[in-house]
Q: 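The structure under discussion is supplied below as structure tokens; questions concerning it will follow.
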Amino acid sequence: MTNIADNLKAIHQDIINACNNANRSSATVSLLAVSKTKPISLIQQAYDAGQRHFGENYVQETVDKVQQLAHLTDITWHFIGPIQSNKTRLIAENVAWVHSIDRLKTAKRLNEQRDSNIIPLNVCLQVNISGEESKSGATIDEIAELAEFINNCANLTLRGLMAIPAKGNDETTRQSFRKMQTLFNQLQHQYPSVDTLSMGMSNDMNIAIDCGSSMIRVGTAIFGARD
Ligand SMILES: *Cc1c(COP(=O)(O)O)cnc(C)c1O
């Protein structure tokens, strides 16, 4: 049996250790619990253990979970999966954060479809940091234009950058995260709203924290392996 509360406790201790090693305050790293494919009952267990930020990858699954847990009014939902244009409305209407914007078209649609009477959608730009052909994410060269566009969108708030490095060894992973850190520092210099560097998952969170991550996205280490 997966004990969610124990897993969360262990991860919070890992965050503290990684921050100590990196000379950072552990208050500068937040934990996003990635609950994709996992049932409501496990999300509820994580919530009961104090977790409030949850990340999902699939639009219909996200909407279902948001609706079923609507009574937990202090949950913050993050969409972290690939975005198809025909699904942007459901995303704009159901979550507080999107980490995976990599095209102007998506940004434009989310801005148009976000209700202007509620708090703007918090967005991170996804960077294809390892330059993989088949992967989601904007190239480093595309980031400047995307950031400027989003900065001018009334219903979006530019919060930062997200990346998933290519599978590799610790050294190649670290190189990718270091590149992200440099890019993030530049962006933060230009836009005061930028405060989030979303990187690090179950297997590379320590390296990510060492490279300045402010939000780690952890699934397996909290909820167990996915089928
Ligand atoms: C699934 C997923 C995660 C979590 O990965 P784990 O290895 O299970 O911790 C994080 N980020 C994104 C974008 C994901 O799709």
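Order of appearance sets the numbers: ligands from 1, and atoms from 1 within every ligand.
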Q: Where is the nearest protein heavy atom to atom 12 (C) of ligand 1: which residue, which atom, and how far?
A: Ile80 CD1, 3.5 Å
Q: OG of Ser198 to CH2 of Trp97: how many Å apart, nearest 0.5 Å?
A: 8.5 Å
Q: Between ligand 1 and Asn203, is the shortest N or O to N or O distance under 3.5 Å?
A: no
Q: State whether a side-chain donor-acceptor pair under 3.5 Å links Gln126 with Ser100.
A: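 There is no such pair between these side chains.
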Q: Name the closest protein heavy atom to atom 14 (C) of ligand 1, giving the residue it belongs to and the distance to 0.1 Å.
A: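 Of the protein heavy atoms, Lys36 NZ, 3.0 Å lies nearest.
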Q: So which protein heavy atom does atom 3 (C) of ligand 1 come closest to, and at what separation?
A: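 For atom 3 (C) of ligand 1, the nearest protein heavy atom comes out as Met201 SD, 3.6 Å.
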Q: Examine the side chains of Asn152 and Glu148 and answer whether a donor and an acceptor come within less than 3.5 Å of each other.
A: no
Q: Under the side chain to side chain contact (heavy atoms under 4.5 Å, CB included) test against Leu31, which residue among His12, His53, Met215 passes?
A: His12
Q: Among all protein heavy atoms in this structure, tell me which lies nearest to atom 11 (N) of ligand 1, with the distance rounded to 0.1 Å.
A: Arg217 NE, 2.9 Å
Q: Roughly how far apart are Asp195 CG and Leu158 CG, rounded to 0.5 Å?
A: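 So the CG of Asp195 and the CG of Leu158 are separated by 9.5 Å.
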Q: Pull out every atom of ligand 1 sitting under 4.0 Å from any heavy atom of Asn57, numbered as shown with elements.
A: 14 (C), 15 (O)
Q: Would Glu56 and Lys65 pass as an ion pair if we require N to O under 4.0 Å?
A: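 Salt bridge: yes.
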Q: Tell me whether Gly219 has any N or O atom under 3.5 angstrom from an N or O of ligand 1.
A: yes
Q: Are Arg174 and Asp204 close enough, and set up right, to give a salt bridge (Lys or Arg N to Asp or Glu O under 4.0 Å), and what steps lead you there?
A: CA-CA 9 Å; Arg174 183 178 295 277; Asp204 56 16; over 6 Å; no
Q: Of all the atoms in ligand 1, which lie at a distance below 4.0 Å from a heavy atom belonging to Ile164?
A: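 Matching atoms, with element in brackets: 13 (C).
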Q: Looking at ligand 1, is there an atom of it that comes within less than 4.0 Å of some heavy atom belonging to Arg226?
A: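 True for this residue.
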